[in-house]
Each structure stands twice: as C-alpha cells, then as structure tokens.
Chemist: 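What follows is a single structure, and I will ask about it in a moment.
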Amino acid sequence: MFSVKHGLYGLVTWISISSLPSGAAEQMSLPRADKHMVNVVKYFPEKDCQGVAIISHGAGGSEYGYTYLANFLQQQNWLVLVVGHQESGSDVLKQLLRRQGMIEALSEMVTTPSFYQARFMDISVAQTWGKQHCAGQRQIMIGHSMGAATTMLLAGAENNLNVTAPKLSFDAYIALSPQGVGDIFPKDAWRHISQPVLLLTGTKDRELHGSWQTRQDAFYSLPAGCKWLGVINGANHLNFAGKGFSQRTEFLVTQTIKAFIDGVKQQNCQPTFQLENLTLKSK
C-alpha cells in the first residue's frame with residue numbers, strides 16, 4: 001500500500017512503499033554513467049511491444065507515481081519505464097524544507113542545473129535498457145511538472161540554466177503541466193523544436209510563479225508541424241499525477257495521448273475527435 005502526502009501545487013508526493021503499483025509492474029535498478037543506481041518501475045506489455053515510453057516525475061516525486069498513465073500505455077502495448085530521479089526526489093525535497101518554505105524549496109529544485117543533468121543520465125540509461133527489451137522501435141518521452149521541463153529540454157528547448165541536454169532520440173514528446181516563460185525558459189525557448197509535441201494543462205494547474213495560462217507559452221512558440229495543446233477544464237496539478245478527484249482528468253489525458261501517438265504513427269497530426277471538458281488546439 002501507499003502512504004501519500006501532497007504538498008503545495010501538487011508538486012510534492014512523499015511516498016511510503018510496501019508494494020509495487022498494480023498492473024504487473026516490477027522494480028529494477030540500473031547503473032548510470034556516473035555509477036549511481038537509478039530506480040525504475042517497468043510495465044511490460046502483454047503483447048508485441050510497439051515501443052518504449054519513458055515517464056519522468058515532478059519535483060519531490062518518485063518512480064512509483066503515474067500508475068494510471070503507465071497502466072494505460074502498457075495496455076496499448078508499450079514498454080513503460082517510470083524513472084526515479086534521486087537528486088530531485090522526495091528525500092531531497094524534505095531536506096530543503098527543513099531550512100526554507102515550500103515555494104522556495106521547489107523553486108530551488110526546479111532551477112538547479114545539476115538536478116537536470118542527473119535526470120538526463122537517469123533517462124539515458126533507462127532508454128538504453130528499454131531498447132534492449134522491446135522489439136518496437138518507437139520512443140516516447142513523457143514528463144510531468146519538473147519532468148515536463150526535463151522533457152522539453154530533451155526536445156531541444158533553450159533555457160536560462162546553462163543546461164545542455166544530451167541528444168537522446170525520441171519520436172514524440174509529451175509534457176503534462178509544462179512551464180512557460182520564467183526562471184527555466186526564456187521567451188521563444190521552444191521555437192526550434194521540430195519533433196511532435198503534445199502539451200497538456202488545466203484551468204486550475206497554476207505555476208509556481210505564474211498562472212495556468214502561462215503553461216501555454218510553449219505552444220505559441222513552437223513551430224507548426226504536429227504540435228498539440230490540450231486544456232482540461234477544472235484540472236489541477238495533482239490531477240495530472242493521478243491524485244485527488246482525478247478520474248475525469250486521467251480519462252482525458254490518456255485518450256488525448258492515445259490519439260496523439262496514433263496521429264504521429266500515421267503521420268496525420270490533425271485532431272479528429274472532440275471530448276467534453278477538453279479544449280484542443282493544433283498546428
């Protein structure tokens with residue numbers, strides 16, 4: 001069972017674990033480039049593996065989150081790897097909270113360059129392992145909150161942190177609760193990203209130093225070509241992590257991700273569906 005405590009803006013998830021998530025999940029540890037071990041929860045598909053989907057958690061989170069999304073993608077025959085980021089996980093956040101407030105602690109976490117470099121190493125070793133255990137060639141990168149920032153950095157977004165992302169190859173990038181212009185990203189940081197991108201936010205999903213509207217900044221900076229922005233009416237930050245009264249948000253997130261991935265595979269990125277409480281734009 002899980003014992004969970006949520007913090008401000010839904011960015012914090014402290015978890016006491018005595019069992020793995022449901023859905024035939026298994027835990028493993030992988031050695032990354034600097035010899036540190038990376039904890040990963042893997043979800044094997046029941047049928048032929050069509051590709052690898054990597055999920056990067058938010059600040060203060062862990063590899064045990066996002067089970068709704070991992071289970072859904074597993075059912076769609078993806079090998080799903082939810083990667084734990086030790087340097088920006090729950091233990092580090094607890095340490096920061098001993099000497100400063102929540103907003104200050106979270107702001108420090110999401111603007112520390114070394115934390116992103118560690119995340120890149122985590123994702124790199126997970127992706128390498130995934131390619132060795134899945135016959136499908138497709139690679140999808142998904143992140144929430146700080147994980148969304150990580151995802152957009154990997155996609156090629158410019159940044160204010162002097163962080164250089166490695167050139168990991170993904171077919172599409174999905175950012176849940178993406179950041180706008182601010183401490184991490186300058187204006188038009190996303191203008192050179194050519195790969196398919198899906199951004200999802202909600203009308204109660206406010207940023208640390210902004211509003212939910214600022215989470216749309218990336219979409220308007222991105223060049224045209226398989227770029228989607230979905231806004232879920234009433235969805236807050238916790239809901240995208242599968243917390244709170246999140247069933248409606250979970251349904252809209254998973255259905256939109258499925259449609260987006262299908263469009264990428266078919267090279268037809270025009271949305272052909274409408275769902276209640278979801279506003280969807282594309283270019």
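Values below: all heavy atoms of this structure, side chains included; hydrogens, waters and symmetry mates excluded.
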Chemist: Taking the side chain as everything from C-beta on, heavy atoms only, tell me whether Q255 gets closer than 4.5 Å to F251.
Modeler: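 Yes; the side chains approach each other to less than 4.5 Å.
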
Chemist: Would you indicate whether Q274, at its atom CD, is surrounded by more than 12 heavy atoms from other residues, nucleotides or ligands within a distance under 6.0 Å?
Modeler: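 For Q274, atom CD is not crowded (no more than 12 foreign heavy atoms under 6.0 Å).
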
Chemist: Do N39 and S29 get their side chains close enough for a donor-acceptor pair, meaning under 3.5 Å?
Modeler: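 Per modelled atom types, N39 and S29 side chains form a pair under 3.5 Å.
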
Chemist: Check whether any side-chain heavy atom of V80 lies under 4.5 Å from a side-chain heavy atom of I55, and answer yes or no.
Modeler: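 Yes, side chains in contact.
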
Chemist: Are the side chain of S211 and the backbone N or O of Q213 linked by a donor-acceptor pair below 3.5 Å?
Modeler: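 Confirmed, S211 side chain pairs with Q213 backbone.
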
Chemist: When you check the gap from the basic side-chain N to the acidic O, do R98 and E104 get nearer than 4.0 Å?
Modeler: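 Answer for the salt bridge query: no.
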
Chemist: Validate the cation-pi geometry between K258 and F72: distance from NZ or CZ to the six-membered ring centre under 6.0 Å, angle to the ring axis within 45°.
Modeler: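 Cation-pi check for K258 and F72: fails.
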
Chemist: Indicate the atoms forming the closest heavy-atom contact of I123 with H85, along with that distance.
Modeler: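 That closest heavy-atom pairing would be CG1-CE1, 4.0 Å.
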
Chemist: Provide the closest heavy-atom pair for H133 versus W129 in the form atom of the first, atom of the second, distance.
Modeler: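 Looking at all heavy atoms of both residues, the closest pair is ND1-O, 2.8 Å.
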
Chemist: Restricting to non-hydrogen atoms, name the atom on L73 and the atom on A53 that form the minimum distance, rounded to 0.1 Å.
Modeler: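 Closest approach of L73 to A53, heavy atoms only: CD1-CB, 4.1 Å.
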
Chemist: Find out whether F170 and Q195 are in side-chain contact, i.e. whether some heavy atom of one side chain is under 4.5 Å from a heavy atom of the other.
Modeler: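 With C-beta onward as the side chain, the pair stays apart.
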
Chemist: Output the distance between atom OG1 (T249) and atom CD1 (I232), rounded to the nearest 0.5 Å.
Modeler: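 Atom-to-atom, T249:OG1 and I232:CD1 are 5.0 Å apart.
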
Chemist: When you look at CZ of F245, are more than 12 heavy atoms from neighbouring residues, nucleotides or ligands closer to it than 6.0 Å?
Modeler: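 No, because the 6.0 Å sphere around CZ of F245 holds 12 heavy atoms or fewer from other groups.
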
Chemist: Would a single hydrophobic cluster contain both L161 and M121, if residues Ile, Leu, Val, Met, Phe, Trp and Tyr are joined by side-chain heavy-atom contacts under 4.5 Å?
Modeler: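 Result: no, two separate clusters.
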
Chemist: Do you know the tightest heavy-atom contact between A59 and M146?
Modeler: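 Shortest heavy-atom contact: N-CB, 3.6 Å.
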
Chemist: Does one hydrophobic cluster hold both M28 and V38, with members joined at side-chain heavy-atom distances below 4.5 Å?
Modeler: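 Yes, same cluster.
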
Chemist: Considering only NZ, NE, NH1 and NH2 on the basic side and carboxylate oxygens on the acidic side, decide whether D188 and R191 come within less than 4.0 Å.
Modeler: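 Looking at D188 and R191, the cut-off is not met.
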
Chemist: Side-chain contact, heavy-atom cut-off 4.5 Å: H36 with D122?
Modeler: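 H36 vs D122: side chains apart.
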
Chemist: First locate atom CZ of F219, then atom NZ of K283, and finally report the distance between them rounded to the nearest 0.5 Å.
Modeler: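 That separation rounds to 5.0 Å.
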
Chemist: State, with a plain yes or no, whether a side-chain heavy atom of V82 is found less than 4.5 Å away from one of V40.
Modeler: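 The answer is no, as the side chains (C-beta and beyond) never meet within the 4.5 Å cut-off.
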
Chemist: State whether a side-chain donor-acceptor pair under 3.5 Å links H144 with T151.
Modeler: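 Note: H144 and T151 side chains miss the donor-acceptor criterion.
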
Chemist: Check the side chains of S145 and H237 for a donor-acceptor pair under 3.5 angstrom, ignoring hydrogens and angles.
Modeler: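 There is such a pair between these side chains.
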
Chemist: Is R32 salt-bridged to D34, going by a charged N under 4.0 Å from an acidic O?
Modeler: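 Yes, R32 and D34 are salt-bridged.
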
Chemist: Determine whether more than 12 heavy atoms belonging to other residues, nucleotides or ligands lie under 6.0 Å from atom CD of Q50.
Modeler: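 Yes, CD of Q50 has more than 12 neighbouring heavy atoms, counting only those of other groups under 6.0 Å.
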
Chemist: Between F120 and Y116, how do the two ring planes meet: parallel, tilted or perpendicular, split at 30° and 60°?
Modeler: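 Aromatic pair F120/Y116 classed tilted.
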
Chemist: Distance from K227 atom NZ to L199 atom CG, nearest 0.5 Å?
Modeler: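 The distance works out to 10.0 Å.
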
Chemist: Between K243 and E250, does at least one N-O distance fall below 4.0 Å, as a salt bridge requires?
Modeler: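 The answer is no: the pair does not qualify as a salt bridge.
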
Chemist: Please evaluate residues T256 and F273 with respect to the criterion side chain to side chain contact (heavy atoms under 4.5 Å, CB included), reporting the C-alpha separation (whole Å), side-chain torsions for both, the decisive distance (0.1 Å), and the verdict.
Modeler: CA-CA 9 Å; T256 305; F273 69 100; 4.2 Å; yes

Chemist: Find the distance between OG (S124) and CD1 (I54) and round it off to the nearest 0.5 Å.
Modeler: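 Interatomic distance, S124 OG to I54 CD1, rounded to 0.5 Å: 8.5 Å.
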
Chemist: List the residues meeting side-chain contact (heavy atoms from CB on, under 4.5 Å) with A189, not counting sequence neighbours, and say none if there are none.
Modeler: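 A189: side-chain contact (heavy atoms from CB on, under 4.5 Å) contacts with E158, F185, P186.
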
Chemist: Could you walk me through whether L208 and S107 pass the side chain to side chain contact (heavy atoms under 4.5 Å, CB included) check?
Modeler: CA-CA 8 Å; L208 275 175; S107 296; 3.9 Å; yes

Chemist: With heavy-atom distances below 4.5 Å as the criterion, would you say the side chains of S62 and S90 are in contact?
Modeler: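 A side-chain contact under 4.5 Å is absent here.
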
Chemist: Can you check whether M141 reaches I174 side chain to side chain, under 4.5 Å on heavy atoms?
Modeler: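 No. Closest side-chain heavy atoms not under 4.5 Å.
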
Chemist: Atom NZ of residue position K204 - does it have more than 12 heavy atoms of other residues, nucleotides or ligands inside 6.0 Å?
Modeler: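 It does not: K204 NZ has 12 such atoms or fewer within range.
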
Chemist: Which heavy atom in V41 sits nearest to a heavy atom in A25, and how many Å separate them?
Modeler: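 Heavy-atom minimum between the residues: CG1-CB, 3.7 Å.
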
Chemist: Answer yes or no: is there a donor N or O on one side and an acceptor on the other, between the side chain of Q74 and the main chain of F44, under 3.5 Å?
Modeler: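 Yes; at least one donor-acceptor contact below 3.5 Å.
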
Chemist: Give a yes or no on this: more than 12 heavy atoms of other residues, nucleotides or ligands lie within 6.0 Å of atom NZ of K187.
Modeler: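 For K187, atom NZ is not crowded (no more than 12 foreign heavy atoms under 6.0 Å).
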
Chemist: Got a donor-acceptor contact below 3.5 angstrom from the N160 side chain to the G182 backbone?
Modeler: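 Checked: pair present.
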
Chemist: Indicate yes or no: at least one non-hydrogen side-chain atom of V264 is less than 4.5 angstrom from one of C226.
Modeler: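 Side-chain contact under 4.5 Å: yes.
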
Chemist: Counting only N and O atoms by type, is there a donor-acceptor contact under 3.5 Å from the side chain of N239 to the main-chain atoms of N236?
Modeler: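 Yes, because the side chain of N239 sits within donor-acceptor range (under 3.5 Å) of the backbone of N236.
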
Chemist: Does a donor on one side chain and an acceptor on the other come within less than 3.5 Å for Y64 and Q27?
Modeler: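 Present: a donor and an acceptor within the cut-off.
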
Chemist: Short question: side chain of Q127, backbone of S169 - any donor-acceptor pair under 3.5 Å?
Modeler: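 Indeed, once roles are kept as given, a pair shorter than 3.5 Å links the two residues.
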
Chemist: Can a donor-acceptor pair be found between the side chains of T201 and D205 at a distance below 3.5 Å?
Modeler: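 Short answer, yes.
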
Chemist: Output the distance between atom CG (L176) and atom NE2 (H57), rounded to the nearest 0.5 Å.
Modeler: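 Answer for the CG-NE2 pair, L176 versus H57, is 14.0 Å.
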
Chemist: Give a yes-or-no answer on whether the side chains of S88 and R119 include a donor-acceptor pair shorter than 3.5 Å.
Modeler: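 A pair is found: one side chain offers a donor N or O, the other an acceptor, under 3.5 Å apart.
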
Chemist: State, to 0.1 Å, how close L280 and G230 come at their nearest heavy-atom pair, and which atoms those are.
Modeler: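 Minimum heavy-atom contact is CD1-CA, 3.8 Å.
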
Chemist: Could you tell me the separation between the CG atom of L69 and the CD1 atom of I257, rounded to the nearest 0.5 Å?
Modeler: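 Reported value, rounded in 0.5 Å steps: 4.5 Å.
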
Chemist: Apply the test side chain to side chain contact (heavy atoms under 4.5 Å, CB included) to residues F115 and M109: give CA-CA distance (whole Å), side-chain angles for both, the deciding distance (0.1 Å), then the verdict.
Modeler: CA-CA 7 Å; F115 290 176; M109 288 188 77; 4.3 Å; yes

Chemist: Run the side chain to side chain contact (heavy atoms under 4.5 Å, CB included) test on Y43 and L81 for me, step by step, so that the C-alpha distance in whole Å, both residues' side-chain angles and the decisive distance to 0.1 Å come before the verdict.
Modeler: CA-CA 7 Å; Y43 298 72; L81 303 175; over 6 Å; no

Chemist: Tell me whether R248 contacts the main-chain N or O of A235 through its side chain, where contact means a donor paired with an acceptor under 3.5 Å.
Modeler: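 A pair under 3.5 Å: no.
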
Chemist: Can a side-chain donor-acceptor contact be found between Y220 and K281 if the only test is distance below 3.5 angstrom?
Modeler: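 Short answer, yes.
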
